[in-house]
Amino acid sequence: MLSRAANWISDAITPPVCAACDQLLQYGDRHLCRLCWRDLHRACGIQYCRRCGDTRGPHLLIDGFCANCRDRKPGVRDFDGFSCVGAYEGPLREITLRFKQRFTYDAFLGELLNASLEATSFCNDVDFWIPIPSHWLRRIRRGFQPTGLLADSIARRRQGTVQPVLRMARMIPEFHRIRITPSARSRVIQGAFNVTSPAIVADKSVCLIDDVSTTGATLREATHTLKRAGAARVFVATLARTPSENEPNALDGPVGRSEMIASIEPSPEIGKS
Ligand SMILES: [Zn+2]
Ligand SMILES: [Zn+2]
């Protein structure tokens, strides 16, 4: 708590810098410098299936769904809807890493996460928000739970509630930090969660909140645990997803405009005198 207060004080007395690259911000900039807003547009322009989150070329997505999800009802391990802010690259990766170390950008990341949720068809169907839990030892070591802060931020913005009903029963590695095959990931995570209050989730539509999704194994296991406990639908909202092995780097693509980012980016006119 003390270190959190110290971070706030230090942020209040130092000149505003870009949350991703530490450049001094110009008048009219908000959170990020112009170059980082540009890269954020690139990172957030990725195409993914709105049900399972897989990245497929836009030509393989029809109405936002991949071929696997198009004609199939979600099963017990499947999400009922998926949203993410963008690729775990460039400014989004940097801010997420800093947030997990210093917990100072929760409001900004909450704003980004909320903007990505606004673009979904499910955001108004959610009964409550459930953060993907960390193991208690990791929570104590870090002093806070990043997904809990994000869930709080979303619940505040959407006038909803957070129900932290998932518990992580054993420590598992942070998959985006280590090299591990997808099948090994699924094995490691199996049975890692339990639901503390099944009566709360019974017949409810809930949304899991995560920070970084690598293969989705953690989110699928959490979904399975919640559906087995009686949840009717499980949606997913994550900040970032790591690109798969043969996926091109989103930052190497053409500079595009993400409508979602444009909705929260400060107008370029503000900085002009
Ligand atoms: Zn920057
Ligand atoms: Zn799909």
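In listed order, ligands and their atoms are each counted from 1. Just so it is clear, the model here is predicted, and its values are computed rather than measured. Just the heavy atoms: all of them, side chains too, but no hydrogens, waters or symmetry mates, feed the values below.
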Can you say whether the rings of W37 and F108 are parallel (under 30°), tilted (30 to 60°) or perpendicular (over 60°)?
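Taking F108 first and then W37, their aromatic rings stand perpendicular (interplane angle over 60°).
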Using the Zn ion (ligand 2) as the vertex, how large is the angle between SG of C49 and SG of C52, rounded to 10 degrees?
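For SG of C49 and SG of C52, the angle centred on the Zn ion (ligand 2) reads 110°.
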Given SG of C66 on one side and SG of C69 on the other, what angle do they make at the Zn ion (ligand 2), to 10°?
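About 110° at the Zn ion (ligand 2).
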Value rounded to 0.5 Å, distance of CG in L226 from CD1 in I200:
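That separation rounds to 11.5 Å.
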Metal site angle (apex the Zn ion (ligand 1)), SG from C18 and SG from C33, 10 degrees
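Between SG of C18 and SG of C33, at the Zn ion (ligand 1), the angle is about 120°.
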Degrees at the Zn ion (ligand 1) between the SG atom of C21 and the SG atom of C36, nearest 10°
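Rounded to 10°, it measures 110°.
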When the aromatic ring centroids of Y48 and F82 are compared, is their separation below 6.0 Å?
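They qualify: ring centres under 6.0 Å apart.
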With I261 as reference, evaluate H41, R42, R38 under the side chain to side chain contact (heavy atoms under 4.5 Å, CB included) test and give the passing residue.
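Among the candidates, only H41 passes.
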